[in-house]
Amino acid sequence: MRPAIRPYLDGPGYVYAERPEVIAARYGFDRVARLASNENPFGPSPAAIEAAGQSLAEAHRYPDDSMSVLRAALSARYGEHSWVVGNGMDGIIETVLRVFCEAGDRVVVSTPTFSFYGIAARGQGARVETVPRGPEFAVEIDAFATACRGAKVAFLCTPNNPTGTATAVDDVRAIAESCGDCLLFLDNAYVDFSDRDYGSLAASCDNLVIGRTFSKLYGLAGFRVGYAQVPEWLLPAYGRAATPFSGISSVSAAAAVGALQDRTHTDRTRRHVVAWRERIARECLFPCLPSEANFLMVDVAPYTSDEAVAALARDGVLVRSCRSFPDLADHYLRVSVGADWENERFLQAINSRADLA
Ligand SMILES: *Cc1c(COP(=O)(O)O)cnc(C)c1O
C-alpha cells in the first residue's frame, strides 16, 4: 500500500532549459551558446565569490536566523524597507502563498507569464485563474483588477517573462488600489534592466509585495537568493510561514552581500544587456517584442516554437521555446542576452532561417 499522491502533481510541472552538455554532444559542439535561462554571461561578481569563499570556514554554524546582514545591505543599496529574503524569488513566492491560501482559494495570474506562480499556488490547493493580456501583451487594467477582487493573491510580472514588455508604474498602482483585499505580488525579477521604478509604490500600497532576485543582474542563479519588499504588517506572519533561516545558506547570503558592494559589475552587465538587446532587435530578421529585460521574445512564425528551438540547437544555440507558456500562440522563442560570441552565433543561426519569414 502506498499513500495517494496529490492529483495537482499530474498537471504540468516546471520546465527547465535543456542541458547544454546534451546539445553539445548531440550536435558536436565544443561549447553551446546558453541563451535559455536569462543568466548573467559575466558570471558572479568577484566580490561575491570572495565573500562566499570567506564564509565557508563558518559553514559548520547555522546562518543568522534574521538574515540581518543581508537585509541591512539591501537597505543600504535600495533604501530602508521591510525586506524579506528567500531561497530564490521562487522561495518567496511559495512563502507568500503559504501565508494567504487555504485549499479552494482563488489566485489570479496575468498571462502569458512565468509558470511557477500557478504551480506554487496549486501546491497550496488554490484554484488558479489566468487573465490573458491584450494586444501587444499589454495588461488590461480593468479586467485584471476585476478578476483580482475576491482572490487571495494576484501575480503580475513586469518586465514580463517571456514577453519582455513592461507595465507602467501608474497602471500597477491602479491595480493595487482597485483589487480590494487581494495581495498583489509584483514580480520585478528583470526590473534592473529597465528604467522603471516600482519600489516607491510600496509606501502607498498596503497590499503590495515586490519580488526581486540575485539570479539575473547579479549572476548568482546557482546560489538561489531572492529578496522582496513586503508591507510591514506582513513580516510576522511571513516569518512564521517561511522555511527556517529563510531557506538560504550562509554561503549564499554572504555571496549576495558581496554582490551588492560591486557596482562596477552590475553597471557593466546593464550596459552590455541594453546595447545587445537593441542590436539583436535591429539585426534579427524575425520580429522581436520591445524588451525591458535581459532577453527578447522573438516571433518565429511560420515556424513553431519547438521547430525554431530545434533548428537553433543544431547550430549550437540553446534558447527557450515558449510553447509551454499558457495563453501564448505557438510561434515564439525567448533568447537571453549572452556573451558577445553567443549573441553573434544566435543572430547568424536565426537569420540563416529567415528565408521563410
Ligand atoms: C528567474 C525568475 C524568477 C526566479 O528567480 P529565482 O532564481 O528563484 O530568484 C522569478 N520570476 C521570474 C519572472 C523569473 O524569470
Side-chain angles (χ1 to χ4, degrees), residues 13-17 34-41 43-44 48 67 70 74 83-97 107 109-121 123 130 133 137 139 153-167 172 184-194 196 198 209-229 242-243 246-249 252-253 255-256 259-260 269 273 289 291-297 319-322 324-328 333-338:
Y14 191 80
V15 177
Y16 295 94
R34 296 177 64 164
L35 304 178
S37 301
N38 306 336
E39 295 149 341
N40 185 328
M67 288 282 150
L70 176 51
L74 286 166
W83 297 106
V84 298
V85 296
N87 189 234
M89 195 203 303
D90 296 342
I92 295 174
I93 289 167
E94 200 158 50
T95 303
V96 166
L97 289 164
V107 168
V109 179
S110 169
T111 53
T113 197
F114 191 53
S115 64
F116 186 64
Y117 316 131
I119 295 170
T130 63
R133 287 155 185 258
F137 303 106
V139 176
V153 181
F155 288 93
L156 176 62
C157 186
T158 175
N160 184 40
N161 178 2
T163 58
T165 52
T167 305
V172 175
L184 180 62
F185 190 104
L186 192 71
D187 183 331
N188 267 181
Y190 299 99
V191 76
D192 305 300
F193 304 104
S194 155
R196 299 182 202 259
Y198 300 93
V209 169
I210 306 179
R212 300 180 61 172
T213 179
F214 283 90
S215 297
K216 312 283 159 58
L217 175 71
Y218 287 100
L220 300 184
F223 279 105
R224 314 296 309 120
V225 189
Y227 58 108
Q229 264 174 270
T243 305
S246 303
I248 314 191
S249 76
S252 294
L260 284 169
T269 302
V273 163
L289 274 286
S291 171
E292 297 189 24
N294 65 341
F295 58 82
L296 293 121
M297 191 165 86
V319 297
R320 174 69 199 267
S321 166
C322 293
S324 62
F325 288 94
D327 300 323
L328 181 63
L333 64 75
R334 190 191 70 199
V335 59
S336 315
V337 173

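Computed over heavy atoms, backbone and side chain alike; hydrogens, waters and symmetry mates excluded. Nothing here was measured: the structure is a model prediction, and the numbers come from that model. Atoms within a ligand are numbered from 1 in the order they appear, just like the ligands themselves. Residue indices begin at 1 and follow the sequence shown.
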Nearest-neighbour protein heavy atom for [atom], which is reported as residue plus atom name and distance:
atom: atom 4 (C) of ligand 1; answer: D90 OD1, 3.3 Å
atom: atom 8 (O) of ligand 1; answer: R224 NH2, 2.8 Å
atom: atom 14 (C) of ligand 1; answer: K216 NZ, 3.1 Å

Do [Y] and [X] meet the salt-bridge criterion of a basic N to acidic O distance under 4.0 Å?
X: K216; Y: E39; value: no
X: D192; Y: R212; value: yes
X: D90; Y: R224; value: yes

Review point. Can you say whether the rings of Y14 and F116 are parallel (under 30°), tilted (30 to 60°) or perpendicular (over 60°)?
Key: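 Perpendicular.
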
Practice item. Anything under 30° is parallel, anything over 60° is perpendicular, the rest tilted; go ahead and classify Y117 against F114. Key: perpendicular

Check each atom of ligand 1 against the heavy atoms of [X] and keep those under 4.0 Å away; list them by number with element.
X: S215; answer: 6 (P), 7 (O), 9 (O)
X: A189; answer: 11 (N), 12 (C), 14 (C)
X: G88; answer: 6 (P), 8 (O), 9 (O)
X: C157; answer: 13 (C)

Practice item. Verify, without hydrogens or angle tests, whether S336 (side chain) and N38 (backbone) share a donor-acceptor contact under 3.5 angstrom. Key: yes

Check your understanding: Do any N or O atoms from the side chain of N294 and from the backbone of V273 form a donor-acceptor pair under 3.5 angstrom?
Key -> no

Within-cut-off N or O pair, [X] and ligand 1, under 3.5 Å:
X: Y117; value: no
X: M89; value: yes
X: D187; value: yes
X: T213; value: yes

**Study point:** Distance-only donor-acceptor check, side chains T165 and T163, under 3.5 Å
**Key:**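 Present: a donor and an acceptor within the cut-off.
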
Check your understanding: Side chain, backbone, both or neither: which part of Y190 comes within less than 4.0 Å of ligand 1 when only heavy atoms are counted?
Key ->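 The answer is the side chain.
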
